[in-house]
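Chain naming here is simple, since letters A, B, ... match the order of the sequence lines and numbering starts at 1 in each.
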2 protein chains.
Amino acid sequence: MHHCETCKNNVCTKRVPIFSLLNHDELNKIINLINRKVYKRNEIIILEGQYLKNLVIINNGKVKAFKNTIDGKQQILYIFSSGDFFGEKSLFMNEKASYSIEALEETSICMIGKKDFQNLLSQYPNIGLKIMEELSKRIERLENAIENMGTKSVDARIYDVLLEFAKSYGTQEKEGILIDLPLSREGIANYIGLTRETVSRKLSNLQEENIIKMIGNKKILIKDKHKLF
Amino acid sequence: MHHCETCKNNVCTKRVPIFSLLNHDELNKIINLINRKVYKRNEIIILEGQYLKNLVIINNGKVKAFKNTIDGKQQILYIFSSGDFFGEKSLFMNEKASYSIEALEETSICMIGKKDFQNLLSQYPNIGLKIMEELSKRIERLENAIENMGTKSVDARIYDVLLEFAKSYGTQEKEGILIDLPLSREGIANYIGLTRETVSRKLSNLQEENIIKMIGNKKILIKDKHKLF
DNA sequence: CGTCCACTTGACGCGGCTCAACAGCGGTGG
DNA sequence: CCACCGCTGTTGAGCCGCGTCAAGTGGACG
């Protein structure tokens, strides 16, 4: 159906906060600038060190942004999902990507060429404000992550990541908050700077204390949220 | 002398990267919007949780931006010096400061009211670009800090902070790079998430290995930079 | 149903934190 | 100017906890 093709495209622009101040006609103009692409789980979308030519907006799915260290470790910096964008650095500075992006599940993205987006920016300055707003939020998350890693106990870091996931990926059930985990145990470890084994042990402890319940490896039920503070 | 009063004011705007695209007349208009203030060492400029009404630009001196944790620890997030700005978050969002700012030495600042700055922004959109650029740089520093704290050994973190300080506050001498430390040992510890004792020990080790030389508590000479990689 | 990879659990060692004692330095007041 | 005091830095001893290595288990997917 023809009009469905349009719907599909609209999705990209409609749900994106940075375009939220534009009206319908303006959005339609933008649609023509967009290229879409779909990635499967574990596929690399951007590799650290590459030059970026697009601003990328996630339409559907989840990705992780991470750095690999020389000695084979991995630090996950962000988990991006629907509506989030990345590659914005190349818009102001002509720099290489400072981290890699990998799909955590089937993910469809929208790409806008650097030039096109710069034109949009000068045409609609409010988009710039929205981006600054989003960058500010990202900065605040990073600042909190540093505070956690620098000053908090390992237990507290586990609590924090559980609460963070509960907020972003949790649903309220009668027995508690059910989290659809975006990351594996190893992923969680790489997100908060621990090892897989330590995460595993800490979660087992929490389960023994009846604070959480692990459901397979993909879900966790938080039975008593208040014990995680 | 009258024209020196003007010079003094100019300093504020001239050396600030975010105004670097403006011409002389435009800068003069801005000068009228600015309030200046001087803080002594250890004075608090902003307290976490306060509402900000200004964008603050450092004219002269150094400050630290930090968070205090419930159990009395401190995480230093940034060291700002001449030309750096803070308080930008209040410009896009009406939020409280997420960290405190304290003068590390005698520091003079320039303040521009929120409304005034928003007007500037819409008048000179390039200022917005400059701010995004600076925010991007800040994000990159935070991302690297997280990678360091999450994946690197304590030794490597000490090396990194020495190299960072060498770059920002060091001068090349014949015997090596002489660093004018912005932070005390305790400050360094709070910057990279260690304890005072550990920093002290690690620096003593480096001195024994003849890689650095401590000169009082305020200066460090890096004799062999290449051993710090 | 079988294979493989991720997760779990245990044992162990090392390294950074804690506690404690002391030294050095700067600031203050007599 | 000196004496005192408090804060920061140094150094030592000991402990605890996380990382490492290793073995065994379980779930996901073909």
Side-chain angles (χ1 to χ4, degrees), chain A residues 40-42 64 69 71-76 102 104-106 148-162 179-209 212-220, chain B residues 40-43 64 69 71-76 102 104-106 148-162 179 181-209 212-220:
Chain A
K40 289 201 287 285
R41 185 172 141 83
N42 293 334
K64 67 174 177 181
T69 59
D71 52 329
K73 290 180 184 171
Q74 179 171 115
Q75 179 64 45
I76 297 177
E102 181 184 321
L104 292 169
E105 58 188 47
E106 176 141 326
N148 283 345
M149 298 177 96
T151 66
K152 293 199 189 169
S153 72
V154 168
D155 283 326
R157 283 197 259 166
I158 297 274
Y159 300 170
D160 280 356
V161 80
L162 285 176
I179 304 176
D180 233 318
L181 291 173
L183 295 175
S184 65
R185 301 288 187 266
E186 186 157 21
I188 295 172
N190 291 340
Y191 189 50
I192 57 178
L194 300 174
T195 60
R196 194 184 5 155
E197 293 95 325
T198 300
V199 171
S200 193
R201 272 185 260 265
K202 294 294 181 186
L203 291 179
S204 294
N205 290 347
L206 285 174
Q207 183 164 248
E208 258 163 51
E209 296 169 42
I212 66 168
K213 181 155 187 263
M214 298 188 252
I215 302 161
N217 289 327
K218 298 254 153 77
K219 294 187 181 187
I220 286 181
Chain B
K40 288 198 291 282
R41 184 172 140 84
N42 295 333
E43 274 191 298
K64 67 174 177 182
T69 60
D71 52 331
K73 290 180 184 169
Q74 178 171 115
Q75 179 64 46
I76 297 177
E102 182 184 321
L104 292 169
E105 56 188 48
E106 177 141 327
N148 282 346
M149 299 177 94
T151 67
K152 293 200 190 167
S153 72
V154 167
D155 282 327
R157 283 197 258 165
I158 297 274
Y159 298 171
D160 280 357
V161 80
L162 285 177
I179 304 176
L181 292 171
L183 296 175
S184 64
R185 300 298 136 97
E186 187 158 22
I188 295 172
N190 291 340
Y191 189 50
I192 56 178
L194 300 176
T195 59
R196 194 185 8 156
E197 293 96 323
T198 299
V199 171
S200 191
R201 271 184 261 266
K202 294 294 181 186
L203 291 179
S204 294
N205 290 346
L206 285 174
Q207 183 163 249
E208 260 163 50
E209 296 167 44
I212 66 169
K213 180 153 186 269
M214 297 189 250
I215 302 162
N217 289 327
K218 298 255 154 78
K219 294 187 181 187
I220 286 182

Assign B:Lys202 to base, sugar-phosphate, or nothing according to its heavy-atom contacts below 4.0 angstrom with the strands shown. sugar-phosphate

Whole-Å distance separating the CG atom of A:Asn205 from the C1' atom of D:dG17: 12 Å

Looking only at side-chain N and O atoms, does A:Thr198 come under 4.0 Å of OP1 or OP2 in D:dG19? yes

Can you say whether a donor on the side chain of B:Glu186 sits under 3.5 Å from an acceptor on the base of D:dC7, or the other way round? no

May I have the distance from A:Arg196 (atom CZ) to D:dA22 (atom C1'), rounded to whole angstrom? 12 Å

Using a strict 4.0 Å threshold on nitrogen-to-oxygen distance, state whether A:Lys218 and A:Asp180 make a salt bridge. no

Is there a side-chain contact between B:Ser200 and the phosphate of D:dT11, meaning an N or O under 4.0 Å from OP1 or OP2? no

Send over the distance from A:Asp71 CG to D:dG19 C1', rounded to a whole Å. 13 Å

Please report, rounded to the nearest Å, how far the C1' atom of C:dG15 is from the CG atom of B:Asp155. 10 Å

Do you see a donor-acceptor pair shorter than 3.5 Å between the side chains of B:Gln75 and A:Lys152? no

Nearest-Å distance, CD1 (A:Ile215) to P (C:dC7)? 16 Å

Between A:Gly193 and A:Asn217, just flag the one whose closest nucleotide in DNA chain D comes earlier from the 5' side. A:Gly193

Is B:Val199 touching bases, backbone alone, or none of the nucleic acid, heavy atoms closer than 4.0 Å? nothing

Verify, without hydrogens or angle tests, whether B:Ser200 (side chain) and B:Arg196 (backbone) share a donor-acceptor contact under 3.5 angstrom. no

Tell me if the side-chain of A:Arg201 makes a donor-acceptor pair with the base of D:dT20, cut-off 3.5 Å, by modelled atom types. yes

Would you mind classifying the nucleic acid contact of B:Arg185 as base, sugar-phosphate or nothing, using non-hydrogen atoms under 4.0 angstrom? sugar-phosphate

With a 4.0 Å cutoff (strictly under), does any side-chain N or O of A:Ser204 reach OP1 or OP2 of C:dT8? no

Separation of B:Lys152 atom NZ from D:dG19 atom P, in whole Å? 17 Å

May I have the distance from A:Glu197 (atom CD) to D:dA22 (atom C1'), rounded to whole angstrom? 10 Å

Nucleotide D:dG27, atom P - distance to NZ of A:Lys219 in whole Å: 15 Å

Can you tell me if the side-chain N/O atoms of A:Thr195 get under 4.0 Å from OP1 or OP2 in D:dG19? yes

Looking only at side-chain N and O atoms, does A:Asp155 offer a donor or acceptor that is under 3.5 Å from a partner on A:Ser153? no

Write down the atom of A:Ile76, the atom of A:Lys64, and the distance for their closest heavy-atom approach. CD1-CD, 3.9 Å

